[in-house]
Amino acid sequence: MTFSSLGVFPELVQALTNQKITQPYPIQEKAIPAILQQKDVLGIAQTGSGKTASYVLPLLMKLKGKTNAKNRDVNTLVIVPTRELAIQVGDVFNTLAKSLPYSIKTTAVYGGVSINPQMKGLYGVNILVATPGRLLELIENKALYLSNVETLVLDEADKMLNLGFKEEMNSIFNLLPSVRQNLLFSATLSPEILSIERVLLNNPVTIKFEAQEANLDLITQTGYFVGEENKGPLLRKLIQDNKMQQALIFTSSTKEADKVSDKLHKNGITSRAIHSKKTQGNRQESLDLFKKGKLQTLVATDLLSRGIDIEFLPFVVNYELPRSPKDFIHRIGRTGRAENPGEAITFVTEADKHHFKVIQKKMQRWVDMVDTENWSFL
Ligand code: AMP
């Protein structure tokens, strides 16, 4: 299967080839033709499955001949849970759109930054990528209208619900025209997602892509039994021994993320923390530095983990366990992507032992454990 055989325009195929993307992923094989045929789609897929391109490509194609809008009527609306994802998805649209012979204006809007430039930037927009809260604010300010939306995309809908955006989402749905195409993407299929599906989708093509199994097989996992007080020294030792140049470290609170990051920094390991209490500018800067390899470690909380799209991440460290096994799988799924092997390291304290067993059971993988009790440096 090639992108051309799916009907993707040659200019877009070339733009993909320039990014070394030549073979469609399974979700793309199914979603691209369905979206081009104007069908509603329910995609159960995680970051790393190629879901973004699976809707970006056909949506760009469908705008051919419709892009001369001189108004504030959005044609394609993509709703995402976080600022990071908004920027990321906006970039994918813009990068691919550049190759087309017709011009398409894509704008990403999100909270945490001044609203005025975003209001001005919405004139003549075709594709809008937005977080729910800021979208509603912009609508209240009459900076855009949704009455001509032809396609609605909800990306990472499960996360949107987890972040408590249900009411905002309903307000947005009420402003949309009743005849439209709907695409719903979610990493999981929970009862809540099914309830949205019932409201939103009309006889959808359902695409389930279980990236999990394949990904986990590429990940070497090691667990370390360690006392809370020894986690810092153990982390530094592992970073040094494994010569880690790019490690994503997870904590369960913003406070702990700051603490771990500060401590690493004091010990000569470049590090920044990225979480909801940091400003948008600061988060983006940290992510950029990390992606470019200018930052050895990034310490993150789960909230942001989905927005972190890095092609190949060699190391993930669970400094603290997440509550949900799904989050654990999601965290370690940052490594071992795109057929590159990765390594996931997990710290387990006495109090964590039972919970880590639950996680392993859910993941259907048993992790080799190392006991650090007698390690002299600790
Ligand atoms: P996503 O699941 O949309 O977050 O995409 C994950 C990553 O896979 C992105 O970095 C894409 O550039 C990359 N990607 C998407 N489709 C393909 C493909 N068909 N072949 C190789 N890489 C891809």
Side-chain angles (χ1 to χ4, degrees), residues 1-9 12-33 35 41-61 78-99 106 108 127 129 153-160 183-188 207-216 218-219 246 248 287-288 290-293 300 304-314 316 329-342:
M1 188 76 75
T2 61
F3 283 104
S4 302
S5 67
L6 294 173
V8 175
F9 292 165
L12 292 169
V13 175
Q14 186 56 51
L16 290 168
T17 309
N18 295 345
Q19 294 177 43
K20 302 205 165 41
I21 296 179
T22 50
Q23 191 77 20
Y25 281 161
I27 189 167
Q28 295 160 352
E29 287 182 8
K30 293 203 174 128
I32 293 172
I35 296 171
V41 169
L42 172 63
I44 305 300
Q46 304 178 332
T47 303
S49 60
K51 66 178 167 63
T52 317
S54 82
Y55 66 80
V56 168
L57 290 164
L59 293 182
L60 286 174
M61 291 166 66
V78 184
I79 309 181
V80 296
T82 62
R83 304 151 189 194
E84 282 71 23
L85 192 62
I87 294 170
Q88 215 164 280
V89 170
D91 282 349
V92 178
F93 271 112
N94 278 319
T95 309
L96 290 170
K98 267 192 223 140
S99 69
T106 303
I127 300 170
V129 186
V153 183
L154 289 189
D155 198 352
E156 300 199 352
D158 50 340
K159 181 144 191 221
M160 220 118 56
L183 314 175
L184 173 61
F185 292 90
S186 171
T188 54
I207 303 170
K208 255 196 188 180
F209 182 64
E210 312 278 357
Q212 227 162 276
E213 291 289 313
N215 278 349
L216 287 181
L218 289 171
I219 304 167
Q246 202 186 28
L248 181 60
L287 202 52
D288 286 345
F290 188 62
K291 279 188 177 189
K292 285 184 191 142
L304 286 182
S305 79
R306 290 210 183 165
I308 299 172
D309 171 32
I310 297 171
E311 207 126 312
F312 172 53
L313 191 54
V316 166
I329 293 169
H330 203 272
R331 283 180 181 186
I332 66 167
R334 321 276 78 205
T335 129
R337 289 167 73 172
E339 292 174 20
N340 286 303

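Counting starts at 1 for both ligands and their atoms, in listed order.
The ligand atoms of ligand 1 that sit less than 4.0 angstrom from a heavy atom of K51 are 1 (P), 2 (O), 3 (O). Taking a cut-off of under 4.0 Å to the non-hydrogen atoms of T52, the atoms of ligand 1 that pass are 1 (P), 3 (O), 4 (O).
Residue contacts with ligand 1 for A45 are absent, since no atom lies close enough (heavy atoms, distance under 4.0 Å).
The shortest N/O to N/O separation between K20 and ligand 1 does not fall below 3.5 Å. Geometrically, ligand 1 and I21 share no nitrogen or oxygen pair separated by less than 3.5 Å. Checked by distance only, ligand 1 and T22 stay at 3.5 Å or farther apart across all their nitrogen or oxygen atoms. Polar contact with ligand 1: absent for Q19 (N/O pair, distance under 3.5 Å).
I32 is listed as a side-chain neighbour of F3, based on a closest heavy-atom distance under 4.5 Å. V41 has its side chain out of reach of K30: every pair of non-hydrogen atoms, C-beta onward, lies at least 4.5 Å apart. At least one side-chain heavy atom of L16 sits under 4.5 Å from a side-chain heavy atom of L96.
The minimum heavy-atom distance between A45 and K51, with the atom names listed, is O-CD, 3.9 Å.
M160 contributes atom CE, which lies 8.0 Å from atom CG of L184 (distance to the nearest 0.5 angstrom).
A donor-acceptor pair is defined here as one N or O able to donate and one able to accept, closer than 3.5 Å; no such pair exists between the side chain of Q14 and the backbone of S99.
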